[in-house]
Every structure is written in C-alpha cells, then in structure tokens.
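We name chains A, B, ... by the order of the sequence lines, and we start the count at 1 in each one. Predicted model only: the values in this text are computed from it and were never measured.
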Number of protein chains: 2
Amino acid sequence: MRSKKRTTIYDIAEKLNLNPSSVSRALNNSSSVNDATKKLILKTAKELNYTRNTLASNLRKGHSKTIGVVVPRINQNFFSNVIAGIEDATYKQGYNLIICQSNEQYEKEVQCVNTLINQHVDCIVISVSVETTAHDHLQNVLDHGIQLIQFDRVVDELETLKVTNDNEQSSFDAVSHMITQGYKRIALLEGPQKLNIFRQRKTGYLRALKEHGIAPIADLMIENAWTKELSAAATRQLLSLPEPPDAIFASTSDFSALGVLEVATIMQIKVPQQLGICGYANENFTEITSPSITTIDQFSFYMGKTVANLYFQEMENTDTVVVPKVISIKPKLITRASTTRE
Amino acid sequence: MRSKKRTTIYDIAEKLNLNPSSVSRALNNSSSVNDATKKLILKTAKELNYTRNTLASNLRKGHSKTIGVVVPRINQNFFSNVIAGIEDATYKQGYNLIICQSNEQYEKEVQCVNTLINQHVDCIVISVSVETTAHDHLQNVLDHGIQLIQFDRVVDELETLKVTNDNEQSSFDAVSHMITQGYKRIALLEGPQKLNIFRQRKTGYLRALKEHGIAPIADLMIENAWTKELSAAATRQLLSLPEPPDAIFASTSDFSALGVLEVATIMQIKVPQQLGICGYANENFTEITSPSITTIDQFSFYMGKTVANLYFQEMENTDTVVVPKVISIKPKLITRASTTRE
DNA sequence: TTGTAAGCGTTATCAT
DNA sequence: ATGATAACGCTTACAA
C-alpha cells in the first residue's frame, strides 16, 4: 500500500507523448502553453490522480513555503489562539505551518529551532520559553538567512521583527483602574523576571503607583507567582500580613488570579469589597467565575494574524536591507465585578 | 540576507578534498567511513554552519517524516490537547507536524487534506468537521498510499486506523449517574447527528433511560444545541415546558452546559436541587463555576499520544496487508456539584 | 508553442 | 574506506 508509486509529470508526459516541461508548465498555468494541450494535460493529470510533489518543487525553487512556529505550550489558550491566527492568514497564501512546543524548556526550544532550520522553513515564529536567556539558537536562525519573528515573549537584545503586547501600558491601566476604584494597598504577583513581558508588567505597576503618589511596598510584591498554585500560596502569605493588601494584581495570568480568588473565597474575604482582583489574558473562564474577574485582553488571534502579515510584508519588501520592525499591540482592560466596588 | 547561500555537502567536500558521498556518509554516521575523516567532516560541518537540507534528503529517500493534522479548530481545548499529545510523541521520533484547521467547513477540510497530500506527508491525522458527510477526500488520501488515522469524530464507513472515545458508554454512565441521583426527567442537548460522536452520545442516553425503565420523551431531546448560545436558547425552551425537565445533559460540550447554567442562574432555578446539569469534555472552567459542573474527561492529551503511537506501530508492521485497527478510549465521568443532590 | 537539458541537495549503488 | 554517478521529481533558461 504505502509504497505505491505516485504519478509524476513524467507519467503524464509519457502518456501524452509530450515533454515533462510542458506538463510542468501546464500544471503551473503558464501562459506559454497551448490551451488545448493544457486542458488535455490537466484532464489526464486528474485521471491519473496526480498531485505535485511539493518536496521536489520546493527543492528546485529554493524555498519551502513553510513557516515554523515554536511556542512554550500549544494547549494554552493564548498560544493556540495566536497559532490559529497565524494559520488563518498563512493558509490563504498557500503556506504551511510546522508547529513545535518547547514545553517551557530551553533545551527543547533549541532542538525545535534546529529542526526547523533543517526543514529549510522560510520563517520561524517564536515565543521563547521561560527558561530562555541565551539566544545563540536564534542568532543561528538569522545566520541561516531565515526570517525570524518573535512575538509576545521576545528577546529584546535581538534585532528581529517583533510583535508584542504593550504590557507596560496595560499593566499601568489595570493598576490605575484599581486605584480609581479606591484600592490603596495593591499587591503584585510577578512572573519570572527573566522574561521581558513580566518585567514590563512590573514596570507598569510601579509607574501607576508612582503617578498616583503611592509608594511601592516590597512586601506586597511577590516574585515567581506565575501558576495557580504559586499564586494561591502567595495570596495566603499576603493576606496574613499585619497590613494585608486590599487588592491583588495577578500580572502573570488569569490562572493566578483564579488562585487568588479561590483562597479569598475559602478565607471568606469578600471580593471585590475587601479584596480587588485583576488577572491577565482574558481566559474564557474569567467571565463566569463569581465574581467575574477583571482582566486584560491580548487579542491573541489578531496577534497571530499580525505576525503572519508582517512576514508577508517583509517578503514583498525587495530591499536587501533588513529594516527591524516592531509592532506593539495595545491590550485592552476588561473591567468586571472583581474590581468594581460600588 | 534571505538569499544567502547555505552550506551544502559539496562545500564541505570541496574544502576537505573529499567526495560529497563521503561527507554524506559521515553526516549520517555510516560505519563505513574512517573515524578520523568522520571527525574532520563533522568538525568542518560545524564550522561552516552546515545543516542538512531535509527537503532534498526526504525527496531522495521518498518520505517526508512529516505528519499532517487536520482539526476543526486549533484553539479548542480538546483539539489543542490532542495536538500537544501527538506532538509530544512524534517529536521524539524526529517527525514534524503540519497543522491545519478546517474551521468546521467541509470545503476547507478538503483543501487542507489536498495540501497535505501535495506535501507528501507520511500520515494524515484527522477529526472531521461538522459539515463533513462525503469522504472522497479521505479515500483520496488512501489512494495516494498515505496512512490515514481518524480520531474522535470519525467517518465510520471508512476502514482506517481510528482512535475514538467510547462516547456511548460515557454518555450512558453520565445519565445513569443522574438517574441514581434521583433525577427523573432528564433532557438531552444533542449535537448535529451527522457526526457519529453525537449519535453515539444520544444512543448512550437512550440506553441509560431504557435500562432504568424510563421512557424517552421527544420534547426533552433538543437537536443541534451544540454551542453555548444554542444551548441557552434550548434551556429556556425546556424550562418553559408545562412539565420541565429536572436535569439537562449537555452532551455536546461543557460550553453548552455553561449556557444551561447561566440560564438557570438567571431564572433563579437552583442547581443541583431543582435542576441537574452535566456537560462533556472536562474543560478547565467546569471546576470553578458555581456550582462546579459534572462532566466527562476524554483524556485528550493521551488520545494524541495514542494516535501517534498507533502510527509508529503500523510503520513497524512490515506485513503488506493493512489491518484495520480501532482503539477506543474509555472517558471518565467526573461527578461534581451540579448533579450531586445531597 | 514545445523540446532539451541542467540543476536544486541528497543518498544509494556501483566500482575502485 | 572512498570516489563516481545516477536518481528522487520538479522548474527554468535556452534552443528549436
């Protein structure tokens, strides 16, 4: 079964007493081929159940019409939405996607990237793992003349195309909103500060405090609270302080916010009256918790489309000079019950 | 930048005054090559930043070491988990994944499949769209000598490798559980009956009623309630019946169950006392709604791994005879507050 | 408009 | 152990 030989342009040519090149031309809808013969070729191609061998075609043409995508986890809402967005845009252009996941591990990320280089993909789209600090593997992509686009979690030092969220601004907006709602002691759950996105979110938090004349308090900023469990633990710690916070900004994710909410519920602390909660990412469940959780929408699907379109634009750009280009998407604060005091 | 020529085995051969074939052998770790020269070749390969052109290699070898995956939607928990599972298993074997989404449209599904055939993938893994009734495109895969594995939503008539959930049994279990909890008038929200999985779930529902001596009531079975919105509408309809149901089995998804819950909450109907609710798929939010929602776990990640391993097994099977093989995974009922009456 | 032939980068099969 | 050469299937100058 599996070894059945597939029809090639030679088979078609032979059957029609034509030259393979004519068949190729017809199949590529070249203008310089007789309409009658073209029809004939197309007809017999269909009869013989011919499908082009893209491998051969791409080898000859020197590109693969394939984009490689590396994300920490495929089955995370944000990433799968971005991928869906990329797929949506690239599909229309006849491009294929090769998806890899790093599982948040640096080693696997390197491996993924190398595989994609081997595959001679035309472009690699990546959001780095939480472990990633070195970036030789990304430089390597560039060295192979492969287009590199970073998104969301990007390595700042590397001059590549980038699509990011304006994390600082959205973080600033969220905290400002909470201050406006009358919260005075706002705690921050931070993600690993290795990652630029988490640094930015912290910066936004600090800037909001500053602009409202509130002094940051070290005890209220908890490092590495980036999972639901870690956040729950952090929350217990925060709420047992002599002067506990009256709001918590779970800047890492909605899962963290959920951890906060669960602990608050167990401790019978009223949200939003006694404690305000804000998450990040607009996961679908934030709408249906009680109370619903204020969060930040990152427009993930749109982000994916933007990444893809950025690539196509860059392709069309015939200049040999590579212009570093960064697109920043402004996330949107979604205010819900968990921070609405009246 | 982009057009930079990449190092080939010729470049290495030239530099070392060797024959390309020797280089190839060394790079493939062939035993019939001098250890010293092998070392030398590997060293200069690294120096010249060589990476194998998989396109050429695969063309020569006659396969692509690539598996194509077609799903209705990438960004749905169930599917992204399955994909993650497939990726996890195939990655270790040096395989790549090409992901496509049909967006639940038949036309796009056909297009996806054809692209994958063009790509000369070694295997196509598919879960068909809700629109799919014809299956010429799948037959076509077989005709090209490409391995085809269906999962979850499968076309029964087509004899291929399959990995399915035992939908009927899990559905039976869910309804039996509800009956045990004292629910007497259990309504069913059905998915499109074109899809085998939804037919099976209905069958399981009917069998459970029968075994417990309950006669099915036509008014309590609502067709095509397979989104949150449709389910909400269906729920309003059901609850306004002269004799409304005392439980609703949202057999299509947890999103449907959510629709039910929201309407019940609005109508101030107490769950689970006045109305029991059961969903399907164990989406992460089912745990955190109030009340939490009873649902069915499909072991999606494991399902993906199973699909991948099925392929590898089949590969090793050197018999020319193709043995149709179907693996059924037994889902697990997760009972939660929404159906727990005491 | 069609045919000829070279080449994309590998690998497999010879021969040396 | 290494070299020469053909072939995988397609595209594209160039020639006719």
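Counting atom types as modelled, Thr54(B) pairs no side-chain N or O with a base atom of dT10(C) as donor and acceptor under 3.5 Å. No hydrogens or angles were tested; on distance alone, a donor-acceptor pair under 3.5 Å links the side chain of Arg25(A) to the base of dG3(C).
Looking at heavy-atom distances under 4.0 Å, Thr8(A) makes contact with sugar-phosphate atoms alone, never a base. Base contact: Asn19(A) has a heavy atom under 4.0 Å from a base atom. Counting any heavy atom pair closer than 4.0 Å across all strands shown, Asn28(A) reaches sugar-phosphate atoms only and no base atom. Note on Ser32(A): a base of the nucleic acid sits closer than 4.0 angstrom, heavy atoms only. At the heavy-atom level, Leu18(B) lies under 4.0 Å from the strands shown only through sugar-phosphate atoms.
Here dC8(D) presents its P atom at 11 Å from CG of Asp11(A), a figure rounded to the nearest Å. Atom CG in Leu16(B) sits roughly 10 Å away from atom P in dG3(D) (whole-Å rounding). As a whole-Å value, the separation of Leu55(B) CG from dT10(C) C1' is 11 Å. Rounded to an integer number of Å, the gap from Asp35(A) CG to dT1(C) P is 9 Å. Distance NZ (Lys65(B)) to C1' (dT11(C)): 15 Å, rounded to an integer number of Å. In this structure, CG of Leu27(B) is placed 15 Å from P of dG9(C), rounded to the nearest angstrom. Atom P of nucleotide dA7(D) and atom CZ of Arg6(A) are separated by 21 Å, given to the nearest angstrom. dG3(C) atom C1' lies 13 Å from atom CG of Asn17(A), rounded to whole Å.
The side-chain heavy atoms of Gln147(B) and Asp122(B), taken from C-beta on, include no pair separated by under 4.5 Å.
Ring geometry for Phe151(B) against Phe79(B) counts as perpendicular: the plane angle is over 60°, on a 0 to 90° scale with 30° as the lower cut.
Contact between the side-chain N/O atoms of Arg52(B) and the OP1/OP2 oxygens of dT11(C) is found at a separation under 4.0 Å. For the OP1/OP2 pair of dT11(C) and a distance below 4.0 Å, the side-chain nitrogens and oxygens of Ser57(B) include at least one atom meeting the criterion. The phosphate of dT11(C) (OP1 or OP2) has no side-chain N or O of Tyr10(B) nearer than 4.0 angstrom. Note on Ser22(A): every side-chain N or O is 4.0 Å or more away from OP1 and OP2 of dT2(C).
Across the interface with DNA chain D, nearest-nucleotide mapping of Thr37(B) and Leu59(B) shows Thr37(B) to be the residue nearer the 5′ end.
For the residue pair His137(A) / Glu109(A), a side-chain donor-acceptor distance below 3.5 Å is found, with atom types taken as modelled.
Heavy atoms of other residues, nucleotides or ligands lying less than 6.0 angstrom from CD of Glu47(A) number more than 12. Heavy-atom contacts from other residues, nucleotides or ligands closer than 6.0 Å to OH of Tyr302(B) number 12 or fewer. By the 6.0 Å contact criterion, CD on Glu14(B) is open, its count of non-hydrogen atoms from other residues, nucleotides or ligands being 12 or less.
When distances are taken from the side chain of Val33(B) to each of dC10(D), dG9(C), dT2(D), the shortest belongs to dT2(D). Nearest nucleotide to the Ala56(B) side chain, out of dT10(C), dT5(D), dC10(D): dT10(C).
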